Amino acid sequence: MPQTKTPDPALMAAAAEIRPRAYAPYSGFAVGAALRGADGQIYQGVNVENAAYPQGTCAEAGAISAMIAAGCREILEVAVIADSPVPVAPCGGCRQKLREFSKDEVLITMATTRGTGQAILSMADILPGAFVKSAME
Ligand code: THU
């Protein structure tokens, strides 16, 4: 669905700022993520890879951990950036992780450091028909 809300530029700036701290020696693909929590704070994360490849974690997961550790449990907005030819798309697993703390209307802005545009989608757009906690009630 086309989004009418405008992304917060401070959030993408925070994602871009943290991206150089990524630990990505295997893929060489550094990703930065930033979340706006319902407490008003910005939480940042980077991908952290591992010699045992499947143990690596995505930037979004790092940002979620920072938010939860700070005591906040609701995401209001998300920004993700990488040096990719097109705006970077969160992986399927991260979509599910983000959905745990986000309502359907939460904005996800994806960008590339190459400055060639950004994609602005809602949580419902990137993970339609999500499996959520209420399904187990
Ligand atoms: N990656 C992220 O951190 N977030 C994304 O949205 C896409 C992919 C990471 C995982 C891995 O360290 C590297 O990018 C290449 O897949």
Side-chain angles (χ1 to χ4, degrees):
M1 297 266 285
Q3 295 304 310
T4 49
K5 286 186 281 182
T6 314
D8 177 0
L11 208 55
M12 188 55 78
E17 178 208 51
I18 203 74
R19 194 183 76 88
R21 296 201 198 149
Y23 177 72
Y26 305 105
S27 70
F29 191 70
V31 184
L35 314 173
R36 175 75 69 186
D39 61 356
Q41 298 300 304
I42 290 178
Y43 297 100
Q44 295 163 293
V46 293
N47 50 333
V48 182
E49 298 184 346
N50 193 279
Y53 289 7
Q55 300 305 322
T57 51
C58 287
E60 295 88 334
I64 291 169
S65 289
M67 184 189 81
I68 295 299
C72 178
R73 293 189 170 180
E74 187 176 358
I75 297 171
L76 298 184
E77 195 180 331
V78 181
V80 189
I81 189 164
D83 179 18
S84 48
V86 292
V88 64
C91 76
C94 282
R95 293 172 193 219
Q96 183 70 29
K97 288 176 186 175
L98 291 167
R99 182 61 181 80
E100 183 72 15
F101 306 105
S102 307
K103 297 196 173 84
D104 274 347
E105 59 273 18
V106 163
L107 222 56
I108 324 279
T109 304
M110 308 157 203
T112 159
T113 56
R114 300 181 198 184
T116 45
Q118 56 180 15
I120 305 165
L121 296 169
S122 72
M123 192 67 233
D125 288 330
I126 68 165
L127 193 66
F131 176 66
V132 290
K133 193 164 49 171
S134 60
M136 294 183 288
E137 288 168 359

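In each ligand, atom 1 is the first atom listed, and ligand 1 is the first ligand listed. Heavy atoms only: backbone and side chains are in, while hydrogens, waters and symmetry mates are out. Just so it is clear, the model here is predicted, and its values are computed rather than measured.
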Do any nitrogen or oxygen atoms of A59 come within less than 3.5 Å of a nitrogen or oxygen of ligand 1?
yes
Under 4.0 Å from ligand 1, counting heavy atoms only, is it the side chain of S27, its backbone, both or neither?
side chain
Taking T112 for its side chain and S84 for its backbone only, find out whether a donor-acceptor pair lies under 3.5 Å.
yes
What is the nearest protein non-hydrogen atom to atom 10 (C) of ligand 1, stated with its residue, atom name and distance?
C58 SG, 3.8 Å
List, by chain and number, the other hydrophobic cluster members for I81, where Ile, Leu, Val, Met, Phe, Trp and Tyr join if side-chain heavy atoms come within less than 4.5 Å, directly or indirectly.
M12
Would you list the pairs meeting side-chain hydrogen bond (donor to acceptor under 3.5 Å, both in side chains) in which at least one residue belongs to residues 29-51, sequence neighbours left out?
D8-R36, E17-Q44, S27-E49, D39-Y43
Non-hydrogen atoms of A89 versus ligand 1: any pair closer than 4.0 Å?
yes
Side chain to side chain contact (heavy atoms under 4.5 Å, CB included), paired with L98, selected from I75, V106, L127, V80:
I75
of all protein heavy atoms, closest to atom 16 (O) of ligand 1 is F29 CD2, 4.7 Å
Consider ligand 1: state whether an atom of it lies below 4.0 angstrom from any non-hydrogen atom of P90.
yes
Check ion pair R95-E60 (N to O, under 4.0 angstrom):
no
Among all the protein's heavy atoms, is there at least one whose distance to atom 4 (N) of ligand 1 comes out below 4.0 Å?
yes
Check each atom of ligand 1 against the heavy atoms of E49 and keep those under 4.0 Å away; list them by number with element.
11 (C), 12 (O), 13 (C)
Going by distance only, is there an N or O of N47 that falls short of 3.5 Å from an N or O of ligand 1?
yes
Checking the side chain of R114 only, and the main-chain atoms of D83 only, is there a donor and an acceptor separated by less than 3.5 Å?
yes
At their closest point, which heavy atom of R99 faces which heavy atom of A130, and how far apart are they?
CG-CB, 3.8 Å
What do you reckon, does E60 have a nitrogen or oxygen under 3.5 Å from a nitrogen or oxygen of ligand 1?
yes
